[in-house]
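Reminder, nothing fancy here: chain letters follow the sequence lines and each chain counts from 1.
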Amino acid sequence: MSALQSLTSRGDYTLVICEKPDAARRVAEALEERPEHYKIGYSEVFLVERGEKRYVICSSLGHLYTVADLVKRRSIYPAYDVEWVPISQAEKSARIAERIRVISELAKKANFFINSCDFDVEGETIGYNILRYACGGKETVALRAKFSTLTAEELRDAIAKAKPGLGGNLAEAGRTRHIVDFMYGINLSRALVESIVSATGGYRTMSIGRVQGPTLSYVVEREITIRNFVPLPYWSADAIIQKDGRRLTANYEKEKILQLKLAQKVIDDCTGKDGTVKEVKKSVFREPPPTPFNLGDLQREAYRCIGLTPSQTLYMAERLYLDALISYPRTSSQKLPPSINYKKILTGLTAMTGFRDHAFLLLSGKLVPHEGPKDDPAHPAIYPTGEIPKRSLQPKEFKLYALIVRRFFAVFAEDAIRERVAAIIDIAGHIFKVNGRTTLRAGWLAYYADFISHQDKPIPDFVEGEKVKVLRVKLYDKFEQPPPRFNQSSLLAKMEEDSIGTKATRAEIIHTLYSRGYLAEASMSATSIGFSVVETMQAHSPAILSIDMTREIETSLERIEAGGIDGEQVVERVMDELGKSLYSMKRAEAEIGKRLNSAVRSVVAEENTLGTCPVCKEGNLIIIRSRASGKRFVGCTNYAKGCRASAPLPQRGIIRPLRKACKTCGWPTISARFSRFPMTFCINVQCPTKGKKWVRNG
Amino acid sequence: MVEEICRFCGRVAIKTSRGYSLCRYHLLAYDNLHSAYEAWKERLGELTWGNFLRKASELPDTGAWVKDIALAELQKEQ
């Protein structure tokens with residue numbers, strides 16, 4: 001008898017569907033300490049007998065179904081006839097196909113169903129599709145379990161209290177979002193790809209979509225501003241004064257002096273003169289604690305403090321969630337309701353040496369979190385569960401966990417109280433200021449000290465009317481700066497501010513823009529391909545770049561969630577809009593293709609150039625693919641003139657030049673991405689660093 | 001009809017200024033450079049067009065498209 005037959009032959013049961021295998025294990029272990037475990041091919045299934053009830057717990061692997069067009073030819077657009085199909089059909093995945101088969105078999109003998117996927121739009125969509133397609137139309141009769149952490153207590157409670165209708169119209173909104181995004185993405189992307197095919201006969205993966213469009217447009221617009229920027233000159237001045245044996249800098253009252261003659265006059269007037277303390281201003285101010293993390297806040301803070309990209313943060317946070325160490329991370333909320341049991345969490349954290357003292361300190365007082373304004377009906381803000389890690393966390397993973405714990409501490413702590421002191425000094429009728437700052441009460445800063453710098457700058461006591469010795473006065477030539485380029489953190493913040501994409505997809509969208517070659521470098525610059533795509537869209541489908549359109553769709557999706565409209569109305573409107581754009585693109589196909597192709601060629605040439613050759617100092621080291629073997633390696637462009645500099649390359653993974661020379665040997669360094677975390681190394685096989693292992697960035 | 005292309009980047013030119021065919025980006029750079037010259041004169045006092053171009057083209061924060069125009073203008077000056 002197979003494992004599946006032995007499972008299903010034991011009588012009636014409730015089939016519990018979880019979003020991921022780890023979540024299924026957590027649910028099973030929450031219901032019974034040692035659940036019966038069955039391995040059916042790639043799938044793990046658990047059987048739990050709890051009183052009179054029997055539960056069979058299985059899991060998805062994220063989405064098992066996707067939207068696909070009925071016409072299977074990639075070159076045909078517009079594609080409006082869509083259907084939900086197993087991902088295994090669209091992407092040829094045996095694992096997914098088998099998982100669907102197992103769930104379908106388990107569903108045949110089940111008499112009740114519980115959707116136990118994560119409680120949000122995506123989780124609801126995943127569960128709905130499985131219940132509808134794999135379980136044979138059980139989406140309307142299934143119960144819904146609602147939870148925010150994978151702790152045993154909450155899971156037991158969620159399964160016990162599962163009831164129908166909890167998800168409301170979340171699945172309808174989720175499914176509509178997938179269809180709308182598919183229609184925009186597949187049609188406009190095909191139009192771009194086909195334009196290249198028609199102009200050159202060659203193929204290049206291109207994409208643009210409802211969220212990619214405005215996001216790319218932000219970067220391109222910023223790039224235009226930077227490339228057209230002319231710095232204007234201005235001047236600043238400061239004086240070095242002596243007080244109680246200390247040298248202190250006093251800044252001129254105006255940060256920017258906009259005319260050279262005025263700046264020069266300040267210097268001329270003040271040189272050789274002493275100053276008089278005109279006034280001493282003191283002000284005490286409170287710095288309130290930060291608010292609890294939602295996903296966007298966490299991604300920004302992790303980028304600032306740990307250097308993790310938003311997609312790395314999301315990936316690690318999900319692992320911490322699946323280990324039941326933190327609550328569900330895909331949340332917009334900045335609120336921590338008392339129902340999460342602050343005391344229990346802090347008590348749990350006292351078991352960890354690094355957190356013990358601060359946890360005890362907070363437990364001795366009243367616990368009121370300093371919450372932010374944002375709310376999420378499905379989940380509270382991100383918080384540690386208080387459980388102890390059962391596996392050893394990777395260094396960066398631990399830092400992320402510590403950041404979440406420290407932030408949780410900080411939101412319960414007191415305001416910091418600080419004092420600002422400014423001594424106003426008159427030198428020959430010109431005003432200069434010596435600024436100081438001291439912390440009177442550290443408050444939350446003490447709990448969050450690892451992730452924030454709040455250095456004090458105390459200054460001596462000045463008295464009004466006191467004479468001060470001026471050692472020198474100096475003028476500085478300065479120029480205005482262009483606005484900074486976006487980085488992954490600031491772009492994410494901009495997307496969030498403009499409500500572009502969802503908390504779950506923003507990081508992935510940025511990742512896609514990089515992988516398509518639209519963006520380059522850590523401080524983002526738009527490449528020629530990025531520019532060409534935006535220019536093409538501006539000419540033929542300007543709406544796809546506009547935040548107004550995507551906002552309008554988001555509003556419609558919210559109305560679906562609230563039961564105000566149905567999904568079909570939204571899809572019909574999208575089809576109307578798309579039709580006009582696609583017609584315009586089809587007519588200009590050859591011209592669009594020519595421009596895109598020229599942009600692609602220039603970017604590819606740039607991506608393949610690693611830097612100046614350290615041997616001949618004239619040529620460039622470039623990535624070459626051997627015609628004979630098909631293998632890639634590095635060679636010098638001066639080969640014909642006799643330079644034989646070369647280096648082997650890994651034959652797998654995506655290689656990017658780092659534009660930095662190796663500190664040891666001066667050869668170029670590259671990053672090779674085989675997984676989510678790239679490796680960086682020097683390409684020179686004879687580099688003395690070669691004895692050491694490659695550095696894994698993650 | 002043959003489209004005029006930008007002398008600096010090969011995009012479609014939208015205007016010809018002082019003998020250059022310029023795309024919309026380089027046209028903006030051209031306008032910015034000229035208005036910046038007025039602002040520089042106001043801030044610095046005396047300043048020749050040539051000296052302004054030399055200084056502006058050497059600054060690291062001057063935009064790439066502005067530098068294209070500044071260098072072409074400098075060549076004209078010489």
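- In terms of heavy-atom pairs under 4.5 angstrom with chain B, the leader among A/Leu262, A/Thr225, A/Leu260 is A/Leu260.
- Using a 4.0 Å cut-off between charged nitrogen and carboxylate oxygen, B/Asp68 and A/Arg227 do not count as a salt-bridge pair.
- Between A/Glu223 and A/Arg485 there is a salt bridge, since at least one side-chain N of the basic residue sits less than 4.0 Å from a carboxylate O of the acidic one.
- For A/Ile226, the part lying near chain B is the backbone, with the side chain staying farther off; criterion is any non-hydrogen pair under 4.5 Å.
- In this structure, B/Tyr37 has its ring center at least 6.0 angstrom away from the ring center of B/Trp40.
- Considering only heavy-atom pairs separated by less than 4.5 Å from chain A, the leading option among B/Cys9, B/Gly63, B/Ala70 is B/Gly63.
- Contact count versus chain A (heavy atoms, under 4.5 Å) is highest, among B/Asp31, B/Asp61, B/Thr62, for B/Asp61.
- For B/Leu59, the part sitting under 4.5 Å from any heavy atom of chain A is the side chain, from C-beta outward, and nothing else.
- Scored by the side-chain hydrogen bond (donor to acceptor under 3.5 Å, both in side chains) test, A/Arg304 finds A/Glu301 as partners (sequence neighbours excluded).
- Applying the ring pair (Phe, Tyr, Trp, His ring centres under 6.0 Å) test to residues at least two apart or on different chains, the pairs with a partner in residues 55-78 of chain B are A/Phe531-B/Trp65, B/Tyr25-B/Trp65, B/His26-B/Trp65.
- Using a 4.5 Å cut-off between heavy atoms, B/Lys67 makes no contact with chain A at all.
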